[in-house]
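Each remark here refers to the structure printed beneath this line.
Position 1 is the first residue of the sequence; numbering continues from there. Just so you know, ligand 1 is whichever comes first in the structure, and atom 1 is the first atom listed for that ligand.
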Amino acid sequence: MRIGYGFDIHKFDDFGSLVLGGVKIPTFNKLLAHSDGDVLLHAIIDALLGAANMNDIGTLFPNNNKSKNINSRIMLINTWKVITNKKKYIINNLDTTIIAQKPKLSNYLYKMRTNISIDLNCSINNINLKATTTNGVPFINNINAIACIAVVLLL
Ligand code: ZN
């Protein structure tokens with residue numbers, strides 16, 4: 001068994017569409033990033049790489065023209081491919097918390113879990129997503145940003 005955790009945070013940009021867990025969320029702007037800004041998938045990628053003792057997302061996907069506006073689901077799929085090529089890991093379980101004052105995410109969580117379970121080739125029952133606000137506490141100034149924490153256990 002190997003455990004890994006990841007954290008990521010991005011501010012909202014002034015244009016584009018918000019994408020979380022590979023799901024487009026209407027009426028909210030994209031998160032400012034070199035990629036599509038999918039903060040949830042970035043935290044999951046770092047958790048996976050941490051568990052596999054393989055550095056971090058910036059090492060695997062440097063900010064260059066090749067990764068400009070890249071779909072983070074492609075990054076997640078490639079990360080899992082690199083990890084499982086090295087060793088035959090499977091996902092025991094993945095747990096995440098999305099910290100966002102807005103938007104309300106409950107209606108999108110099931111679709112996000114579905115996307116992640118497809119990309120990691122595991123049952124949706126092994127993927128848990130939680131969304132929380134900070135109850136107005138300006139802890140990460142998350143009126144203007146979304147943060148995410150992910151923990152994974154690999155077998
Ligand atoms: Zn990121």
Side-chain angles (χ1 to χ4, degrees), residues 2-84 89 91 93-106 108-122 127-134 137-154:
R2 293 191 63 99
I3 193 167
Y5 91 93
F7 172 79
D8 196 23
I9 182 166
H10 289 268
K11 328 189 258 192
F12 281 102
D13 210 335
D14 298 327
F15 61 90
S17 325
L18 177 62
V19 181
L20 283 177
V23 179
K24 214 174 234 186
I25 294 164
T27 74
F28 283 88
N29 289 341
K30 179 184 185 285
L31 296 175
L32 182 64
H34 186 73
S35 66
D36 67 0
D38 196 323
V39 64
L40 171 61
L41 298 191
H42 295 177
I44 292 171
I45 288 168
D46 257 356
L48 292 167
L49 291 171
N53 193 24
M54 291 174 68
N55 294 308
D56 61 21
I57 190 169
T59 310
L60 200 55
F61 303 99
N63 286 352
N64 55 32
N65 283 339
K66 239 177 97 186
S67 61
K68 186 105 183 90
N69 293 322
I70 188 173
N71 179 334
S72 295
R73 285 189 75 186
I74 292 171
M75 296 166 72
L76 180 62
I77 290 165
N78 286 343
T79 300
W80 191 231
K81 213 179 270 174
V82 168
I83 290 172
T84 52
Y89 286 118
I91 305 286
N93 70 304
L94 169 71
D95 188 23
T96 70
T97 302
I98 303 162
I99 305 163
Q101 204 63 42
K102 60 178 188 185
K104 197 167 173 355
L105 294 171
S106 50
Y108 302 103
L109 295 178
Y110 187 81
K111 180 71 179 121
M112 293 179 198
R113 287 171 66 208
T114 305
N115 288 345
I116 294 161
S117 69
I118 291 168
D119 296 347
L120 298 180
N121 197 22
C122 72
I127 310 291
N128 192 60
L129 302 183
K130 306 181 297 297
T132 186
T133 69
T134 55
V137 179
F139 153 62
I140 51 167
N141 190 19
N142 69 350
I143 303 298
N144 301 316
I146 296 181
C148 188
I149 300 163
V151 180
V152 68
L153 187 68
L154 300 183

Practice task
Would you check if there is a donor-acceptor pair between the side chains of Asp13 and Asn29 at a distance under 3.5 Å?
Solution key: no
Problem - Side-chain heavy-atom pair Lys102, Leu18 within 4.5 angstrom cut-off - result: no
Exercise for the section: Determine which of the N, O or S atoms in His10 is closest to the Zn ion (ligand 1) and give its atom name. Expected result: NE2
Problem - Closest approach to the Zn ion (ligand 1) by Asp8, given as the N, O or S atom name - result: OD2
Problem - N/O/S atom name from His42 that is nearest to the position of the Zn ion (ligand 1) - result: ND1
Completion exercise
Between Ile98 and the options Ile146, Ile149, Thr132, the side chain to side chain contact (heavy atoms under 4.5 Å, CB included) test singles out Ile146
Problem - Aromatic plane relationship, His10 with His42 - under 30° parallel, 30 to 60° tilted, over 60° perpendicular - result: perpendicular
